[in-house]
Amino acid sequence: MKFVSTSRPGNTISFRDAVLNNLPNDGGLYFPMEIPELPSPLLHEMVGMELHEVAAKVLSNFCLADIPQADLEAITKRVFNFPIPVKSVAEGISCLELFHGPTFAFKDIGAKFLAECLSFFNISDKQKRTVLVATSGDTGGAVANGFLGVDGVDVIILYPKGKVSELQEKQLTTLGQNIKALEIDGNFDDCQYMVKQAFADDELSERMKLSSANSINIGRWLPQSLFYFQPLLSGETDITISVPSGNYGNLTSGVLAMKMGVPIKSFIAASNLNDVVPRYLDSGVYSPVPTIATVANAMDVSDPSNFKRLLTLYDDNHAGIVEDILPFSLADGGILETIAECYENHDYLLDPHSAVAYEALQKKGRGGVFLGTAHYCKFLPTIEKALNKKVELPDFVNDLMDKKKEATLMDSDFEAFKAYLMDI
Ligand SMILES: *Cc1c(COP(=O)(O)O)cnc(C)c1O
């Protein structure tokens, strides 16, 4: 399979180069040249299989030219190595719990697969890479964890001092091995700016091979489509799937799964107040407005990058999109009420992101599956506010909370960061 850019589909490139390049330089995103159709006997055969086996079969359609089948099977076994259960929450409503990985969020899968691909390609070129990640708290942990112990790759995480939760900070600063954390005396934008400067610096690029592990890398996007096979594996078909959405990587990878043949009835684009896509679904007009800060902050995206992939999946046809995807959005007050309602009535704790998707199914009066994109323990202050009481962290995070933080404190100053990089 070759890949093209959503902006200029003329030129094709290999999976390997699409992963290593991160982004095409024409403003688009990488996208498969064609969508493979999985034959229905194969889909039937999948019922009852393990997700990692299904992943190797599905992903081979995209990467076989660059990763031989046996290696791909070993990789998917390491990536899909934690349970992704479907749990019944309310009458006709289940949660696909994607948060049992190392950082308790669905991004663990995409980040780990990307790390495995880079490591596989590195072994063949024997070139050490340094991955730079700026994080506002949540997603950097998934990337860093994905690369933990991966040969030939060092990861440097920059996070804003005092602006991440205690649990998030532990996730970023206690990994050790090939992962280093820099605590920047500034905000997230400062961290991101320092990383951008580093990529633009000639002296640094001569000295070391800098890489990014951007969330829109094709290596993070493709494996997320496997989430949408999981209900099928337990025999559920033609369901509605509600997806907490921000940058729309997750939902568009679900559409990819559907187009490959997974029997899904419809999707709900569940957003917080940053509702540019729901508004587009309603009106046919795509008009981004500035970002609004919400309690579901991993979805605070006002101009989602993956909108381009959505359009490409449907050949720019709005009517086709609205046939498959229903709009929904929920303000902070509604998110807090939903967390309280679900806890009181069903004894189930939702994180603020998953709460939006759960409420979408309730409001549309549809049964179905919503994606649980994070564990509630990552957003404890919001949960406590919603329930108006103190909530204990679950036992399984005790080990993490006991670990010792190791981070280098640094001013938000590019020269200091550069000196640090030149020195390692
Ligand atoms: C990143 C994230 C989302 C949004 O996913 P997209 O693929 O960006 O739409 C939703 N929930 C959580 C917890 C996240 O971390």
Side-chain angles (χ1 to χ4, degrees), residues 29 84 95-114 133 135-146 164-165 167-168 171-172 188 213-228 241-257 267-278 280 291 294-310 313 325 327-330 335 338-339 349-360 370-380 382-383:
L29 298 183
I84 302 185
C95 178
L96 180 64
E97 295 186 344
L98 297 168
F99 49 71
H100 297 288
T103 75
F104 323 136
F106 83 94
K107 292 190 179 75
D108 281 329
I109 291 283
K112 178 75 179 158
F113 185 74
L114 173 62
V133 199
T135 183
S136 55
D138 209 37
T139 62
V143 173
N145 248 288
V164 305
S165 78
L167 183 136
Q168 287 173 341
Q171 288 183 329
L172 298 171
F188 169 62
N214 204 293
S215 70
I216 47 200
N217 190 299
I218 194 91
R220 285 181 66 174
W221 186 64
L222 288 175
Q224 294 180 358
S225 63
L226 268 302
F227 303 157
Y228 300 82
I241 302 187
S242 180
V243 187
S245 294
N247 214 10
Y248 281 83
N250 199 348
L251 189 136
T252 48
S253 68
V255 175
L256 177 69
F267 295 94
I268 303 178
S271 82
N272 58 25
L273 276 186
N274 298 285
D275 62 349
V276 62
V277 172
Y280 163 79
T291 310
T294 77
V295 294
N297 57 12
M299 292 162 29
D300 291 351
V301 181
S302 51
D303 186 7
S305 313
N306 286 291
F307 187 67
K308 296 184 187 114
R309 286 188 175 133
L310 183 66
L313 281 159
I325 306 177
F328 182 76
S329 83
L330 190 63
I335 295 177
T338 299
I339 293 170
L349 268 177
L350 295 162
D351 97 282
H353 307 80
S354 314
V356 179
Y358 163 85
E359 183 63 1
F370 67 97
L371 302 194
T373 48
H375 193 280
Y376 73 85
C377 69
K378 297 188 90 172
F379 302 93
L380 212 56
T382 302
I383 306 303

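Any value given below was found using the heavy atoms of this structure, including those in side chains, with hydrogens, waters and symmetry copies removed. Just so you know, ligand 1 is whichever comes first in the structure, and atom 1 is the first atom listed for that ligand.
Within the listing of ligand 1, atoms 6 (P), 7 (O), 9 (O) sit less than 4.0 angstrom from a heavy atom of G249. Listed by number with element, the atoms of ligand 1 under 4.0 Å from a non-hydrogen atom of K107 are 1 (C), 2 (C), 3 (C), 14 (C), 15 (O). Against a heavy-atom cut-off of under 4.0 Å, N250 is close to the following atoms of ligand 1: 7 (O). Listed by number with element, the atoms of ligand 1 under 4.0 angstrom from any heavy atom of A374 are 13 (C).
Checking Y228 against N250 by side-chain atom types alone, a donor-acceptor pair falls below 3.5 Å. Judged by distance alone, the side chains of N306 and R309 do bring a donor and an acceptor atom under 3.5 Å apart.
The CG atom of D275 sits 15.0 Å away from atom OH of Y280, with the distance rounded to the nearest 0.5 Å. For the atom pair OG of S165 and CG of L380, the computed distance is 8.5 Å after rounding to the nearest 0.5 Å.
F188 and S136 get closest at one heavy-atom pair: CD1-N, 3.5 Å.
Taking distance alone, with nitrogen or oxygen atoms compared against 3.5 Å, T373 approaches ligand 1 more closely than that limit.
At a 4.0 Å cut-off, at least one heavy atom of S245 sits close enough to ligand 1 to count as contact. Contact annotation: F99 has no heavy atom less than 4.0 Å from any atom of ligand 1.
Outside the 6.0 Å centre-distance limit, the rings of F104 and F99 are not counted as a close aromatic pair.
Of the candidates F106, W221, Y248, F379, F106 brings a heavy atom nearest to atom 5 (O) of ligand 1.
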Please assess D108 against N145 for the test side-chain hydrogen bond (donor to acceptor under 3.5 Å, both in side chains), listing each intermediate value before the final yes or no.
CA-CA 8 Å; D108 281 329; N145 248 288; 5.6 Å; no
Go through the steps to decide whether S302 and T291 satisfy the test side-chain hydrogen bond (donor to acceptor under 3.5 Å, both in side chains), and finish with yes or no.
CA-CA 5 Å; S302 51; T291 310; 2.8 Å; yes
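For atom 8 (O) of ligand 1, the closest heavy atom belonging to the protein is N247 N, 2.8 Å. Looking only at heavy atoms of the protein, atom 4 (C) of ligand 1 is closest to G246 N, 3.6 Å.
The side chain of M299, and not its backbone, has at least one atom closer than 4.0 Å to an atom of ligand 1 (non-hydrogen atoms only; side chain from C-beta on).
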